[in-house]
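One structure is given here, and the rest of the page talks about it.
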Protein chains: 2
Amino acid sequence: MGCALKNRLRVLRAERDWSQQELADRLSVSRQSVNAIETGRYDPSLPLAFRIADVFGLAIEQVFEPDRERQTG
Amino acid sequence: MGCALKNRLRVLRAERDWSQQELADRLSVSRQSVNAIETGRYDPSLPLAFRIADVFGLAIEQVFEPDRERQTG
DNA sequence: GCCTGGTGGAAAGCGAACTTGACACGGGTC
DNA sequence: GACCCGTGTCAAGTTCGCTTTCCACCAGGC
């Protein structure tokens with residue numbers, strides 16, 4: 001697994017009562033991508049991270065945060 | 001070209017008088033990666049974007065910004 | 001003129017991000 | 001039981017991030 005970041009996607013999505021499909025549509029990505037990011041299979045690209053922060057009306061740092069448990073340095 | 005974001009890497013690096021190699025070393029990536037990002041060949045990954053913001057002591061939004069010229073929205 | 005060192009740039013390969021398509025599970029409606 | 005919705009996961013394919021490798025430019029020593 002290659003995820004270096006933790007994210008609050010699932011919580012933020014639940015707060016707005018959006019399905020994965022609804023969020024995916026707002027982000028212009030596939031539902032599988034949203035699912036994969038939520039379940040920690042990979043981190044989004046930076047452009048997608050900007051879109052994610054945008055649809056939630058937050059800063060990127062408020063959605064994603066470095067997971068120091070995983071950073072080997 | 002697929003860059004959806006503009007970045008201020010070159011300016012920020014110049015302000016600190018760092019070479020591409022110096023910055024690459026601080027980021028734990030190759031010098032070519034720094035060069036490619038600076039010259040707009042691609043956007044960094046989100047984890048790398050966090051590191052970049054960190055070494056400059058800035059928020060991601062202060063280093064990268066959506067390039068609305070390219071976003072067909 | 002020639003070699004060396006330090007900077008910036010570009011092509012090829014590998015793995016990760018993202019896509020479409022399919023299948024499985026649980027809950028609600030009929 | 002059959003159908004729809006939301007979710008989780010796998011397979012296969014394409015594009016992009018990053019590394020490795022190689023090239024060009026400029027300055028200094030001999």
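The chains referred to below are lettered A, B, ... by the order of the sequence lines, with proteins before strands, and numbering in each begins at 1.
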Rounded to 10 degrees, the angle between the two terminal axes of the helix from C:dG1-D:dC30 to C:dC30-D:dG1, each from five pairs: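 Axis angle across the helix from C:dG1-D:dC30 to C:dC30-D:dG1, nearest 10°: 10°.
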Taking atom [atom2] of [N] as reference, at what distance in whole Å does atom [atom1] of [X] sit?
X     : N      : atom1 : atom2 : value
B:L48 : D:dC18 : CG    : C1'   : 9 Å
B:I37 : D:dC16 : CD1   : P     : 15 Å
B:L5  : D:dC16 : CG    : C1'   : 13 Å
A:I52 : C:dC18 : CD1   : C1'   : 12 Å
A:D25 : C:dC18 : CG    : P     : 17 Å
B:E22 : C:dG6  : CD    : P     : 13 Å
A:R51 : C:dC18 : CZ    : P     : 11 Å

Test item: B:I52 and B:P44 side chains (from C-beta on) under 4.5 Å apart, heavy atoms: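 Yes. Closest side-chain heavy atoms under 4.5 Å.
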Backbone of B:L12 reached by a side-chain donor or acceptor of B:R16 within 3.5 Å: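 Looks like yes, one N/O pair under 3.5 Å.
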Test item: B:E61 side-chain N/O and A:I60 main-chain N/O as donor-acceptor pair under 3.5 Å: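 Yes, B:E61 side chain to A:I60 backbone: donor-acceptor pair under 3.5 Å.
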A:S30 side chain near C:dT19 phosphate (N/O to OP1/OP2, under 4.0 Å):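 Checking A:S30 against C:dT19: at least one side-chain N or O falls below 4.0 Å of OP1 or OP2.
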B:S45 vs C:dA17: side-chain N/O to OP1/OP2 distance below 4.0 Å: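 So the side-chain polar atoms of B:S45 never come under 4.0 Å of the phosphate oxygens OP1 or OP2 of C:dA17.
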Taking every non-hydrogen atom, the tightest pair across A:P66 and A:L5: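 Smallest interatomic distance, heavy atoms only, reads CA-CD2, 3.6 Å.
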B:F50: ring pair (Phe, Tyr, Trp, His ring centres under 6.0 Å) partners, not counting sequence neighbours: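 By the ring pair (Phe, Tyr, Trp, His ring centres under 6.0 Å) rule, B:F50 matches no residue at all.
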B:Q62: partners by side chain to side chain contact (heavy atoms under 4.5 Å, CB included), with sequence neighbours left out: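 Residues passing side chain to side chain contact (heavy atoms under 4.5 Å, CB included) with B:Q62: B:L58, B:A59.
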Set of residues satisfying side chain to side chain contact (heavy atoms under 4.5 Å, CB included) with respect to A:E38, sequence neighbours excluded: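 Applying side chain to side chain contact (heavy atoms under 4.5 Å, CB included) to A:E38 gives A:L9, A:R10, A:R13, A:Q20, A:V34.
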Selection residues 24-33 of chain B - residue pairs positive for salt bridge (Lys or Arg N to Asp or Glu O under 4.0 Å), sequence neighbours left out: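 Qualifying pairs: B:E22-B:R26.
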Under the side chain to side chain donor-acceptor pair (under 3.5 Å) test, residues paired with A:S19 that sit two or more places apart: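 None.
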Would you tabulate the pairs of protein nitrogen or oxygen atoms and nucleotide nitrogen or oxygen atoms of nucleotides 5-11 of chain D closer than 3.5 angstrom?
residue	atom	partner	partner atom	Å
D:dT7	OP1	A:R13	NH1	2.8
D:dT7	OP2	A:Q20	N	2.6
D:dG8	OP1	A:R10	NH1	3.1
D:dG8	OP1	A:R10	NH2	3.0
D:dG8	OP2	A:Q20	NE2	2.4
D:dG8	OP2	A:N35	ND2	2.8
D:dG8	N7	A:R31	NH1	3.4
D:dG8	O6	A:R31	NH2	3.2

